[in-house]
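In this chain, numbering begins with 1 at the start of the sequence shown.
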Amino acid sequence: MAALPTEPGDEGYFVREVEKRDGGCLRVKQCSRGDVGCVVWDAAIVLSKYLETEQFCDPAAGINTWADKTVVELGAGTGVVGLMAATLGAHVIVTDLEDLQPLLETNIQDNAALVSSGSVKAKSLEPLVMTLRSLAGPQTCIICCYEQRTMGHNPEVEKRFFELLLRHFESEAIPLERQDPEYSSPDIHVLHLHLRP
């Protein structure tokens with residue numbers, strides 16, 4: 001559960017900056033108190049930087065995979081990945097539980113100047129796997145990024161999530177050599193998911 005400050009200038013926020021390859025900088029507010037969705041996780045930084053690697057975005061070569069694409073970020077927390085995609089030209093829906101919607105809206109507003117050709121909206125969708133299944137089509141590639149957790153109930157939740165997910169999707173693990181060389185880690189996994197035929 002998020003413990004959101006009552007005023008936007010409240011000291012209950014602290015900011016994580018994410019530099020973009022084009023020189024811009026996302027400024028993402030986090031909550032000083034709250035649950036896992038209130039902070040920018042390392043996995044979110046890894047996935048954000050992966051989205052702007054040259055295989056997807058190379059202005060010199062005229063490549064911008066994200067331009068005019070529809071992107072849904074599920075379990076967005078602070079929304080940093082969706083915001084990055086929107087700055088790259090995607091039309092993004094960032095989703096999370098209802099109590100995180102104010103934090104998502106704040107971060108969308110605070111970074112609106114960086115979103116020129118894309119767009120970003122916050123919505124709440126649950127349950128996660130059924131949402132993924134209902135949104136995916138035969139040509140859909142879902143990019144999933146997560147940091148492997150070993151404490152508390154996290155391993156059980158992760159195991160159950162992937163058991164449910166793999167009933168409906170085929171999974172391809174993206175090796176480290178295909179990720180951003182600086183923003184990658186062996187305990188943060190990037191997957192491409194495709195709906196099973």
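- A donor-acceptor pair is defined here as one N or O able to donate and one able to accept, closer than 3.5 Å; no such pair exists between the side chain of E172 and the backbone of H192.
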Q179 and V46: CA distance, side-chain angles, deciding distance, side chain to side chain contact (heavy atoms under 4.5 Å, CB included) verdict: CA-CA 8 Å; Q179 299 178 35; V46 168; 3.8 Å; yes
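- Interatomic distance, D22 CG to C57 SG, rounded to the nearest 0.5 Å: 9.5 Å.
- Looking at heavy atoms from C-beta onward, L195 lies out of side-chain contact with T140 at the 4.5 angstrom threshold.
- In this structure, OG1 in T106 is found 13.0 Å from CD in Q30, a value given to the nearest 0.5 Å.
- Under a 3.5 Å cut-off, the side chain of N111 and the backbone N or O of L114 do not form any donor-acceptor pair.
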Criterion side chain to side chain contact (heavy atoms under 4.5 Å, CB included) on L51 and V81, from CA distance to verdict: CA-CA 8 Å; L51 296 182; V81 175; 3.9 Å; yes
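- Note that NZ of K20 is 10.5 Å distant from CG of L83, once rounded to the nearest 0.5 Å.
- Hydrophobic clustering, with ILVMFWY side chains joined whenever heavy atoms are under 4.5 angstrom apart, groups V40 together with Y183.
- Contact of the L166 side chain with the S171 side chain is registered, since non-hydrogen atoms from C-beta on lie closer than 4.5 Å.
- Ring pair Y146/F162: centre-to-centre distance below 6.0 Å.
- Side-chain contact between C31 and V39 is absent, with no heavy-atom pair separated by less than 4.5 Å.
- Residues S117 and G89 approach most closely at OG-CA, 3.4 Å, considering heavy atoms.
- Listed here is the closest heavy atom pair of L104 and A76: CD2-CB, 3.9 Å.
- Remark: the T70 side chain and the H91 side chain contain no N/O donor-acceptor pair separated by less than 3.5 Å.
- Across every non-hydrogen atom of A86 and V92, the tightest pair is N-CG2, 3.7 Å.
- By the 6.0 Å contact criterion, CD on E163 is enclosed, its count of non-hydrogen atoms from other residues, nucleotides or ligands being greater than 12.
- Within the structure, every pair that satisfies the salt bridge (charged side-chain N to carboxylate O under 4.0 Å, His left out) test and touches residues 50-65, not counting sequence neighbours, is listed here: K49-E52.
- Taking CD1 of I174 as the start and CG of L47 as the end, the distance is 11.0 Å to the nearest 0.5 Å.
- Scanning both residues, N64 and L88, for their nearest heavy atoms gives ND2-O, 2.9 Å.
- Within 6.0 Å of atom CZ in R196, more than 12 heavy atoms from other residues, nucleotides or ligands are found, so the atom counts as buried in its surroundings.
- Using a 4.5 Å cut-off on side-chain heavy atoms (C-beta onward), I63 and F56 make no contact.
- Under a 4.0 Å N-O distance rule, the pair D110/K29 qualifies as a salt bridge.
- By the rule that hydrophobic residues join a cluster once side-chain heavy atoms approach within less than 4.5 Å of another member, V120 and I143 end up as members of one cluster.
- Across every non-hydrogen atom of M84 and S48, the tightest pair is CG-O, 3.4 Å.
- E73 contributes atom CD, which lies 7.5 Å from atom OG1 of T78 (distance to the nearest 0.5 angstrom).
- Cluster membership for F14 and W41, using ILVMFWY side-chain heavy atoms within less than 4.5 angstrom, is shared.
- In this structure, CD in Q55 is found 4.5 Å from OH in Y50, a value given to the nearest 0.5 Å.
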